[in-house]
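Throughout, protein chains are lettered first and strands after them, A, B, ... in sequence-line order, and every chain is numbered starting at 1.
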Amino acid sequence: MRYSRFFAPTLRDDPADAEVISHKLLLRAGFIRRVTSGVYDFLPLGLRVLRKIEGIVREEMARAGAQELLLPMVQPSELWKKSGRWEKYGSELLRFKDRHAHESCLGPTHEEVICDLVSRELRSYKQLPMNLYQIQSKFRDEVRPRFGLMRGREFVMKDAYSFHADEASLQEEYDNMFTTYQRIFTRLGLKFRAVEADTGSIGGNQSHEFHVLAESGEDLIAYCSHCDYAANVEKGISTRDIPSFADASLNEVETPGMTAVEDVAKHLQINADQLVKTLIYQVTGGDFDGRMIAACIHGDDVLQEIKLARALGANEVELATDDALEAINSIKGFVGPQGLNCKILMDESLRNAVGMVAGSNKSDMHVTGLSISRDVEHAEFIDLREVRLDDGCAHCSEGHIKHARGIEVGQVFALGQQYTKPLEVLFQDHNGKRATATMGCYGIGVSRLVAAVIEQCNDDNGMIWPLSLAPFQVVIITMGKSETAMNASEKLYQNISEQGIEVLWDDRKERPGVKFKDAELMGLPIHVVIGDRGLDADAIEIRQRAGSKQEVPLNAVIENIRNILVGAN
RNA sequence: CGGGACGUAGCGCAGCCUGGUAGCGCACUACACUGGGGGUGUAGUGGUCGGAGGUUCAAAUCCUCUCGUCCCGACCA
């Protein structure tokens, strides 16, 4: 490609509305342009990288035995009603009516459509297992799109769906996909970590997320300093020191105006961990839809709302309003577990607690000497607390919990029969009986990966693409505009192209500095610098974006490039 | 949805408070010089000041509404 004809509008300044480095560089280097919030054009450079990533994903999916197909973006509401997600998915699902007033939506994910397809074609267990995938644009009407390609509303995703005759087969494929994902992210040159994850609105029994480690990541990962345990904090577990206090009789104490844990603790001269923090939530969805529930944790713990919602089978939980507290017999700031007119969930760590302090459900009063088993009726104990930094590891007992930020670029789910049942994906098993298929699904955020790679591979001058992902492997920078230099450059450009190497020839009539800056901004890996000076000395400069630099005779340039390309593979 | 900021040329911004000829840098066009790290000069092109309404002799500027964008939070395969 000749730069003078190439559509790659670069910017000298950072665009005002870009915050993270990948977003800034993608805009500055002319890879993408914004159309509307969370929706982007992929310009030629951006598309080239996207296609490279897709290519690697395709190769590894093929190696894993999956088959590519392409499903529609527009989906009929009927399928979503059948799975129950028409109601459940919420406003992230972009819904609309066609000219016949038929309700449809843009696919945010494709469990319904693939189940519909497979249910109509699957007959025998002999056809199983089967893994089908696509690489396609998804649309999710995110509440808050941000950071360019990191969280768009329209984005490119690789989504795979596997179908199985039994759980063992699903587990096998889950492991297969897990390994495949590790291969893919390794090939992409990423520092990443697989972590245990909540199953979210997709549902299912088991799930892992793959996170690219980066400060700009939106997710918080908890991992063990000693063993290989790692989990999203939404799901992570840890051990904490459970303080033991002397059992005592129940007493009421005056705590005027002290509604915060710290105030009460200070007043009573105790640590926050002796308090029981009681939070009242309004539940949406599931068996407790529309009701309020109480959740209790130690005063120095943070409640993990995703865990709470999951335990209740709810779509979401939201802190109850002050007024609502009266309905369950309590009062703002002095909520406690006793005598509440609602279901009470307590963190495991409180199961045998005695001598605790809690709200009394009366204004300006707390209780001391609270014994959970003696004084609280009908409490259920589950894991509700969020893992804290430096907590003990629940898996190895030697390590401690550390935190890292991550960009979620992939997730694998063992779904079980959550979709195959309502959508009736049935087959005849080896006994000739009708059975419901078991399912897994596996996603990779392909366009998000473009941003994730940049987050990890950049410097002050711009992007630094690995050879396998670069939009062009080589850029020829012609210095000056002498005929000799232009002719030599053109010849080299043609020769390199003929080798099947992707090369951009910067034939613009620009000053050298401009060309260097642009080549570096775009992060092209190999820069060949040709000017009269080098030609006269027969010493052509070959630079690598990542660092090194050498001079070689003109007729050895191609061989040198080949060596670099091979060496990197 | 709550909180905050912003919208003036392709990009980055000033002007607004205190109403009176729409500006600067970069980019772009032409010419000249220059030619190994975003060079210099001369002359140019390009703007319904996001939109609508109002106040006023007069609105980018003041008022009301509205649309859009970004950030924080809530939310999120």
Side-chain angles (χ1 to χ4, degrees), chain A residues 9-20 23-24 27-28 30 33-39 85 88-93 107-111 138-148 150-153 155 157-161 197-204 207-210 218-219 232 234 284 305-306 309 315-319 407-415 418-419 440-445 448 461-462 477-482 485 506 508-521 527 529-537 539-541 543 549 551:
Chain A
T10 57
L11 303 172
R12 188 177 287 218
D13 302 311
D14 281 339
D17 55 6
E19 192 72 12
V20 298
H23 191 197
K24 287 179 183 172
L27 289 166
R28 277 193 59 204
R33 286 292 182 263
R34 189 183 64 81
V35 177
T36 185
S37 182
V39 178
R85 285 206 290 187
K88 225 180 153 182
Y89 209 92
S91 44
E92 209 174 299
L93 184 65
T109 175
H110 283 65
E111 284 80 9
K138 297 282 184 277
F139 193 93
R140 292 183 190 176
D141 200 355
E142 293 278 356
V143 194
R144 187 171 164 216
R146 59 178 151 179
F147 302 156
M150 291 255 262
R151 178 168 299 278
R153 292 195 297 166
F155 58 97
M157 178 172 169
K158 187 283 302 180
D159 47 323
Y161 306 91
D198 181 66
T199 50
S201 64
I202 293 281
S207 178
H208 282 87
E209 290 168 348
F210 290 79
E218 295 182 87
D219 289 280
N232 194 307
E234 296 171 354
T284 309
E305 293 185 0
I306 306 241
N315 292 345
E316 69 174 338
V317 294
E318 197 178 2
L319 275 173
I407 303 165
E408 184 196 338
V409 290
Q411 189 163 11
V412 293
F413 297 87
L415 293 173
Q418 176 164 352
Y419 295 93
C441 75
Y442 321 91
I444 288 181
R448 181 181 282 179
N461 292 316
I477 298 176
T478 303
M479 314 289 291
K481 54 180 179 188
S482 82
D506 196 342
R508 294 176 300 168
K509 298 187 180 11
E510 287 288 353
R511 297 178 64 81
V514 174
K515 297 188 177 187
F516 287 138
K517 287 287 183 194
D518 278 337
E520 281 159 6
L521 181 60
H527 302 187
V529 185
I530 298 189
D532 288 337
R533 189 193 293 177
L535 287 170
D536 289 347
I540 306 300
E541 191 172 318
R543 303 180 183 188
K549 172 156 100 165
E551 291 187 348

Could you please name the option among [options] that lies closest to any side-chain atom of [X]?
X        : options             : value
A:Ser37  : B:U69, B:C76, B:C13 : B:U69
A:Arg34  : B:C70, B:C76, B:C11 : B:C70
A:Pro15  : B:G36, B:C71, B:G12 : B:G12
A:Glu510 : B:C76, B:C28, B:C71 : B:C28
A:Glu19  : B:C13, B:C71, B:C76 : B:C71
A:Asp13  : B:C71, B:G12, B:G38 : B:G12
A:Glu92  : B:C76, B:C11, B:C71 : B:C76
A:Phe147 : B:C76, B:C75, B:C71 : B:C71
A:Val143 : B:C76, B:G38, B:C1  : B:C1
A:Thr36  : B:G68, B:C70, B:C71 : B:G68

[N] pairs with, by Watson-Crick or G-U criteria that keep both distances under 3.5 Å:
N     : result
B:A14 : none
B:G73 : B:C1
B:G20 : B:C57
B:G7  : B:C67
B:U48 : none
B:G41 : B:C31

Contacts of A:Lys138 that satisfy salt bridge (charged side-chain N to carboxylate O under 4.0 Å, His left out) - sequence neighbours left out = A:Asp159
Looking at residues at least two apart in the chain, or sitting in another chain, which of them share a salt bridge (charged side-chain N to carboxylate O under 4.0 Å, His left out) with A:Arg508?
-> A:Asp506, A:Asp518
Is it true that the side chains of A:Ser207 and A:Gln411 contain a donor and an acceptor less than 3.5 Å apart?
-> yes
What distance, rounded to whole Å, do you find between the two [atom1] atoms, one in [N] and one in [M]?
N     : M     : atom1 : result
B:G53 : B:C17 : C1'   : 24 Å
B:C31 : B:C24 : C1'   : 24 Å
B:A9  : B:A14 : P     : 12 Å
B:G50 : B:U69 : C1'   : 10 Å
B:U18 : B:C26 : C1'   : 32 Å
B:U64 : B:A59 : C1'   : 15 Å
B:U8  : B:G46 : C1'   : 14 Å
B:G10 : B:U29 : P     : 15 Å

For [X], report the nucleic acid contact type (base, sugar-phosphate, nothing); a contact means any heavy atom under 4.0 Å.
X        : result
A:Pro9   : nothing
A:Glu520 : base
A:Asp159 : nothing
A:Lys515 : nothing
A:Gly534 : base

Does A:Lys509 or A:Gly445 map to a spot on RNA chain B nearer the 5' end, using the closest nucleotide for each?
-> A:Lys509
In terms of the nearest nucleotide of RNA chain B, which residue is placed more toward the 5' end: A:Arg28 or A:Asp17?
-> A:Arg28
May I ask you to say whether A:Lys24 pairs ionically with A:Glu19, meaning some side-chain N is under 4.0 Å from a carboxylate O?
-> no
Separation of [N] [atom2] from [X] [atom1] (nearest whole Å):
X        : N     : atom1 : atom2 : result
A:Leu27  : B:U69 : CG    : P     : 15 Å
A:Lys517 : B:A27 : NZ    : C1'   : 17 Å
A:Phe155 : B:C76 : CZ    : C1'   : 10 Å
A:Met150 : B:C71 : CE    : P     : 11 Å
A:Glu142 : B:C70 : CD    : P     : 13 Å
A:Lys549 : B:G36 : NZ    : P     : 14 Å
A:Asp14  : B:C11 : CG    : P     : 14 Å
A:Arg448 : B:C76 : CZ    : C1'   : 9 Å

Do the side chain of A:Arg146 and the base of B:G73 come within less than 3.5 angstrom through a donor-acceptor pair of N or O atoms?
-> no
Base B:G36 to side chain A:Glu541, donor-acceptor N/O within 3.5 Å cut-off = yes
Taking [X] for its side chain and [Y] for its backbone only, find out whether a donor-acceptor pair lies under 3.5 Å.
X        : Y        : value
A:Thr10  : A:Gly30  : no
A:Arg28  : A:Leu11  : yes
A:Arg153 : A:Val39  : no
A:Lys549 : A:Glu541 : no

N/O to N/O distances under 3.5 Å, protein versus nucleotides 39-46 of chain B:
| unit_1 | atom_1 | unit_2 | atom_2 | d |
| --- | --- | --- | --- | --- |
| B:G39 | N9 | A:Arg511 | NE | 3.3 |
| B:G39 | N7 | A:Arg511 | NE | 3.3 |
| B:G39 | N7 | A:Arg511 | NH1 | 3.4 |

Sort out for me which residue in A:Arg448, A:Arg151, A:Glu218 forms a side chain to side chain contact (heavy atoms under 4.5 Å, CB included) with A:Glu408.
-> A:Arg448
Shortest non-hydrogen contact between A:Ala309 and A:Val317, atoms and distance | CA-CG1, 4.0 Å
Distance (rounded to the nearest 0.5 Å) between A:Thr284 OG1 and A:Glu316 CD | 4.5 Å
